[in-house]
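Atoms within each ligand, like the ligands themselves, are counted from 1 in listed order. Values below: all heavy atoms of this structure, side chains included; hydrogens, waters and symmetry mates excluded.
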Amino acid sequence: MNIYFSGSIRGAEPRKSWFQTLIKHLGKHGKVLTENSFDFSYEEEIKFDDRWIWDRDIMWLNEADVLVAEVTSPSLGVGYEIGKAEDLDKPILCLYLCNEKKLSAMIGGSKYLKVVKYKEDHQAMQAIDDFLSALTTS
Ligand code: 6IA
């Protein structure tokens, strides 16, 4: 299974170590196409041409069987990828750590997405296992 993991990079508060934990966990279910996208320093990140990043990410989105997005930190890029994936009819799981801010209604209210609000890390892992296992058995 090709998995597209999506999370904030230039958006609010990228949670790099949590993303690495999620990517490692997703790797038990298939190939994470974006596994290296979140392993960067700011100095490295600005070396990449934006058009090149867009072309490659859109290619991966087309190749993906599923999108898993960490949506706790607001990000234009993550919202854009979720919208694209919806149009491509990809199954989409959004993970949101419960906090004092409210999730965007365009994510929380979409009937095309599965949104899981978690309080503990293990709940996010369990949501991934449940969502991806259901896809492989259906
Ligand atoms: O608006 P944002 O930057 O927060 O958007 C983040 C989303 O856009 C992620 O889910 C990525 O899939 C995609 N994205 C944004 N910037 C990059 C990027 N920069 N590389 C890959 N995908 C990106 C270069 C990082 C490189 C140094 C490892």
Side-chain angles (χ1 to χ4, degrees):
M1 181 189 299
N2 283 330
I3 303 164
Y4 192 106
F5 174 75
S6 178
S8 174
I9 293 181
R10 292 184 195 166
E13 301 161 33
R15 296 159 69 209
K16 280 165 58 171
S17 76
W18 173 230
F19 292 170
Q20 292 304 332
T21 303
L22 288 173
I23 287 167
K24 197 168 166 208
H25 190 72
L26 287 164
K28 295 178 189 163
H29 293 271
K31 179 168 174 46
V32 184
L33 300 170
T34 53
E35 65 182 337
N36 296 317
S37 299
F38 300 89
D39 184 19
F40 62 88
S41 65
Y42 181 71
E43 293 72 29
E44 284 173 327
E45 208 273 336
I46 55 176
K47 281 188 214 153
F48 285 79
D49 174 67
D50 285 2
R51 175 59 60 81
W52 183 86
I53 292 170
W54 186 91
D55 283 343
R56 192 193 51 176
D57 283 356
I58 293 298
M59 183 187 76
W60 280 340
L61 210 42
N62 277 292
E63 285 173 11
D65 299 303
V66 59
L67 176 85
V68 176
E70 221 301 349
V71 296
T72 312
S73 299
S75 153
L76 288 171
V78 173
Y80 179 90
E81 288 167 340
I82 291 170
K84 283 267 181 202
E86 263 192 23
D87 284 348
L88 292 166
D89 281 330
K90 310 278 181 184
I92 302 168
L93 171 66
C94 293
L95 300 168
Y96 183 75
L97 175 65
C98 296
N99 65 85
E100 69 282 356
K101 292 185 197 137
K102 282 188 86 177
L103 177 61
S104 164
M106 295 308 286
I107 302 301
S110 170
K111 55 179 178 276
Y112 301 106
L113 313 173
K114 166 86 175 160
V115 176
V116 171
K117 297 184 179 178
Y118 64 94
K119 289 188 177 142
E120 308 281 345
D121 292 359
H122 71 88
Q123 294 169 325
M125 310 289 193
Q126 188 63 52
I128 287 172
D129 293 341
D130 293 347
F131 191 76
L132 298 184
S133 304
L135 287 183
T136 47
T137 53
S138 63

Could you tell me which atoms of ligand 1, counted from 1 in the order shown, lie closer than 4.0 angstrom to a heavy atom of Y4? 12 (O)

Shortest reach to atom 11 (C) of ligand 1 by a heavy atom, considering only R56, E81, E13: E81

Is there any salt bridge (Lys or Arg N to Asp or Glu O under 4.0 Å) pair reaching into residues 64-82, and which pairs are they, with sequence neighbours excluded? R15-E70

Are any non-hydrogen side-chain atoms of H29 and S133 less than 4.5 angstrom apart? yes

Using a 4.0 Å heavy-atom cut-off, say whether I9 meets ligand 1 through its side chain, its backbone, both or neither. both

At the 4.0 Å heavy-atom cut-off, does Y80 count as touching ligand 1? no

Minimum side-chain heavy-atom gap L93-L67 below 4.5 Å: no

Counting both backbone and side chain atoms, is some N or O of G7 under 3.5 Å from an N or O of ligand 1? yes

For S8, the ligand 1 atoms whose distance to one of its heavy atoms is below 4.0 Å: 4 (O)

Looking only at side chains, do E13 and S8 share a donor and an acceptor under 3.5 Å apart? no

Nearest to atom 22 (N) of ligand 1 by heavy atom, T34, D57, I58, L33: which? D57

Going by heavy-atom distance to atom 18 (C) of ligand 1, choose the closest among V78, N36, I53, L76. I53

Any salt bridge (Lys or Arg N to Asp or Glu O under 4.0 Å) involving residues 24-37? Give me the pairs, sequence neighbours left out, ordered by first then second residue. none

For atom 4 (O) of ligand 1, which of A12, P74, S37, S75 has the closest heavy atom? S75

Per-atom filter on ligand 1: closer than 4.0 angstrom to a heavy atom of S6 are 10 (O)

F5 and F19: aromatic ring centres closer than 6.0 Å? yes

Between R10 and D50, is there a side-chain N and carboxylate O pair less than 4.0 Å apart? yes

